[in-house]
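Read through the structure below, which is laid out as structure tokens, and then see the notes.
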Amino acid sequence: ADLVSGSYNPWRYAPPSSQFDDDVLAVLTMTVSQAARTFEELPITDNAEILRNILYSGLWSRYSGIRKTRVHGKQTGADDE
């Protein structure tokens, strides 16, 4: 954990692997699935559609953007962010 910024990156110290992207996708899919299942059990009435949009679409849009940046950066030799 980065104690200064308060962010946590569980992949920061992962050893290099040719399956890194597949591993990240599998863990993210499993985590989002569990979060969505739990979310749908909550008695939320206010702003439920906004929260669903974030959970189901917003998160994957962000993931896709990061993936495109990483792939593009590797193709051009730029550093990953």
### Shared hydrophobic cluster, I54 / L59 (ILVMFWY, side-chain heavy atoms < 4.5 Å)
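No; L59 is not reachable from I54 via cluster members.
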
Donor-acceptor contacts, no H, no angles, side chain residues 27-37, under 3.5 Å, sequence neighbours left out:
from: T29; atom 1: OG1; to: L25; atom 2: O; distance (Å): 2.7
from: T31; atom 1: OG1; to: V27; atom 2: O; distance (Å): 2.8

### Summary
Per side chain to side chain contact (heavy atoms under 4.5 Å, CB included), N47 is matched among I44, T45, I50 by I50

### Query
Among pairs that include at least one residue of residues 38-48, which meet salt bridge (charged side-chain N to carboxylate O under 4.0 Å, His left out), considering only residues two or more places apart or in two chains?
E40-R52

### Task
Determine which pairs satisfy ring-ring contact (aromatic ring centres under 6.0 Å, His included) with at least one residue from residues 39-60, sequence neighbours left out, and list them in order.
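ring-ring contact (aromatic ring centres under 6.0 Å, His included) check on residues 39-60 returns W60-Y63.
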
